[in-house]
Amino acid sequence: MPELPEVETVRRGLAPAMMNVQIDRVEQRRLDLRFPLPPNFSARLSGQTIRDLRRRAKYLIAEMSNGESLVMHLGMSGSFRVDTHKPGLFHHRRQHAAAHDHIVFHLSTGMRITYNDPRRFGFMMLIPTPELNTHPYFAKLGVEPLSKDLDANFLAQAFQSKKTSIKSALLDQYLIAGLGNIYVCEALFEARLSPLAVAGDLVSITGAPSKKLMCLPPAIKDVLQRALLAGGSSLRDHRQTNGALGYFQHHFKVYDREGSACRRSACSGIISRIRQAGRSTFYCPRCQK
DNA sequence: ACACTATCCTGCAGGC
DNA sequence: TGCCTGCAGGATAGTG
């Protein structure tokens, strides 16, 4: 599920509860998610104070007071829930763990942060904070799409002589870090670009971005920003940390709209679904060229 | 260098 | 009602 807008929504929900708060203990309800959890996971986190909670691409990074950082990835179905544990009260209503609640952080404030992940494609790692930038998971990551690093000149340089489709190129986390299947489809629609276009064909021989490519960075930023305002997209698993749904799925122009009418005014196209690199692509063949 | 596939895992929708 | 198939927001390893 979680692409940049969902991960950032989660970060904004977690930050008030976690920032400058101590972790009392960590309840580890399984030994592994996608990978085995780090050795002594609970012990290494217990007693630490969370100094910062950042996002890089689709990763959440909680910097601890002991110099280690907890790096978390939500995979396809990961979510966090924040609630308050009230000991003594409501004794008759024991707070049961929900299915797929794998990790619970008990904070000194009485708040609990519960990580739920049905498919367990998510993972958590502990990395010494000074090594984050050189760690294999981060060293090669591409630009943040909402930063000014993402502009037409950057894309021209990134796409030059690339024979892969623009759809696949935008999904490549080593070029742009944080886009996923939904927002790539939506951004290509905004930019009126066919997902089948060859990335390198959008760059002139001199290395300058074509006019079509110039539309893409603003389209990407616009889609991501609107999704952020909506709290992300909830297809099945994504929740804000208070349990609320995101609602950007109601604003999709192409994603999951196969067979429906194109929403661009004066376009009479029908949204198509094709398969690219093993993933569904949704687009309007009439107005995306 | 590139494209495609299978893989990890669970849940759900659709067809019969 | 149930069984089966395919598909899902990600990312990697292996193949040709």
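Numbered from 1 within each chain, the chains take letters A, B, ... in sequence-line order. Just so you know, these numbers come straight off a predicted model, no measurement behind them.
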Are A:Leu53 and A:Leu74 joined in one hydrophobic group, where the rule is that I, L, V, M, F, W and Y side chains link up if heavy atoms are under 4.5 Å apart?
-> yes
Could you work out which one of C:dA11, C:dC7, B:dC2 sits closest to the side chain of A:Lys162?
-> B:dC2
Which whole-number value in Å describes the distance from A:Leu245 CG to C:dG9 P?
-> 18 Å
Within the pair A:Tyr255 and C:dG9, is there a side-chain N or O less than 4.0 Å away from OP1 or OP2?
-> yes
Please step through ring pair (Phe, Tyr, Trp, His ring centres under 6.0 Å) for the pair A:Phe123 and A:Tyr137, ending with a clear verdict.
-> CA-CA 12 Å; A:Phe123 55 89; A:Tyr137 275 91; 5.5 Å; yes
Side-chain atoms of A:Ile182 come closest, of C:dG10, C:dC7, C:dG9, to C:dG9
Separation between CZ (A:Arg239) and OG1 (A:Thr9), nearest 0.5 Å, reads 13.5 Å
Aromatic contact, A:Phe252 with A:Phe189 (centres under 6.0 Å) | no
The reported gap from CD1 in A:Ile103 to CG in A:Leu33 (rounded to nearest 0.5 angstrom) is 5.0 Å
Starting at atom CG of A:Leu170, determine the distance to atom P of C:dG10, rounded to an integer number of angstrom.
-> 13 Å
Do A:Asp117 and A:Arg34 pass the salt bridge (charged side-chain N to carboxylate O under 4.0 Å, His left out) test, and can you show the C-alpha distance, the side-chain angles, and the key distance before you say yes or no?
-> CA-CA 10 Å; A:Asp117 188 354; A:Arg34 177 175 185 159; over 6 Å; no
Respond yes when some side-chain nitrogen or oxygen of A:Arg279 is under 4.0 Å from OP1 or OP2 of C:dG9, and no when none is.
-> yes
Sort out for me which residue in A:Thr164, A:Thr281, A:Asn181 forms a side chain to side chain donor-acceptor pair (under 3.5 Å) with A:Gln276.
-> A:Thr281
Can you label the angle between the A:Phe138 ring and the A:Tyr59 ring as parallel, tilted or perpendicular, going by 30° and 60°?
-> tilted
Rounded off to whole Å, could you give me the CZ-to-P distance for the A:Phe123 and C:dA11 pair?
-> 8 Å
Please give, in whole Å, the distance from B:dC12 P to A:Asp256 CG?
-> 16 Å
Do any pairs count as a ring pair (Phe, Tyr, Trp, His ring centres under 6.0 Å) and have a residue in residues 258-280 of chain A, sequence neighbours left out, and if so which ones?
-> none
Where do A:Asn20 and A:Ile50 land on the side-chain contact (heavy atoms from CB on, under 4.5 Å) test, with the steps shown first?
-> CA-CA 5 Å; A:Asn20 298 309; A:Ile50 301 154; over 6 Å; no
Provide, to the nearest angstrom, the distance between the CZ atom belonging to A:Arg273 and the P atom belonging to C:dG9.
-> 9 Å
Other than A:Leu31, which residues form its hydrophobic cluster under the rule that side-chain heavy atoms must be closer than 4.5 Å?
-> none
Interatomic distance, A:Met72 CE vs C:dG10 C1' [rounded to whole Å] | 17 Å
With the threshold set at 4.0 Å, does a side-chain nitrogen-carboxylate oxygen contact exist between A:Arg55 and A:Glu8?
-> yes
From CD of A:Glu3 across to C1' of C:dG9 the rounded distance in Å is 5 Å
Say you pick atom C1' in B:dA3 and the same atom in C:dG9; how far apart are they, in whole Å?
-> 22 Å
P spacing across the pair C:dC3 / B:dC9, given as an integer number of angstrom = 23 Å
In residues 185-196 of chain A, which residues come under 4.0 Å of DNA chain C by heavy atom?
-> none
Does the ring centre of A:His250 sit less than 6.0 Å away from the ring centre of A:Tyr247?
-> no
Can you find a side chain N or O atom of A:Ser77 that sits less than 4.0 Å from OP1 or OP2 on B:dG11?
-> no
Residue-phosphate contact under 4.0 Å: A:Lys58 side-chain N/O, C:dG10 OP1/OP2 | yes
Between A:Arg112 and A:Glu27, is the closest basic N to carboxylate O distance under 4.0 Å?
-> no
Taking the same atom, C1', in B:dA6 and in C:dG6, what whole-Å distance lies between them?
-> 15 Å
DNA chain B stem ranges, 3 or more consecutive Watson-Crick or G-U pairs under 3.5 angstrom | B:2-8 with C:10-16, B:10-16 with C:2-8
Between the main-chain N or O of A:Pro285 and the side-chain N or O of A:Gln288, is there a donor-acceptor pair closer than 3.5 Å?
-> no
Check DNA chain C against residues 173-181 of chain A and give the residues with a non-hydrogen atom under 4.0 Å, in numerical order.
-> A:Gln173, A:Tyr174, A:Gly180, A:Asn181
Return the value, rounded to whole Å, for the distance between atom NZ of A:Lys167 and atom P of C:dG10.
-> 9 Å
Do nucleotides 3-10 of chain B as a string where each nucleotide becomes B, S or -: B if the base has a protein heavy atom under 4.0 Å, S if just the sugar-phosphate does, - if no protein is that close.
-> S-B--BBB
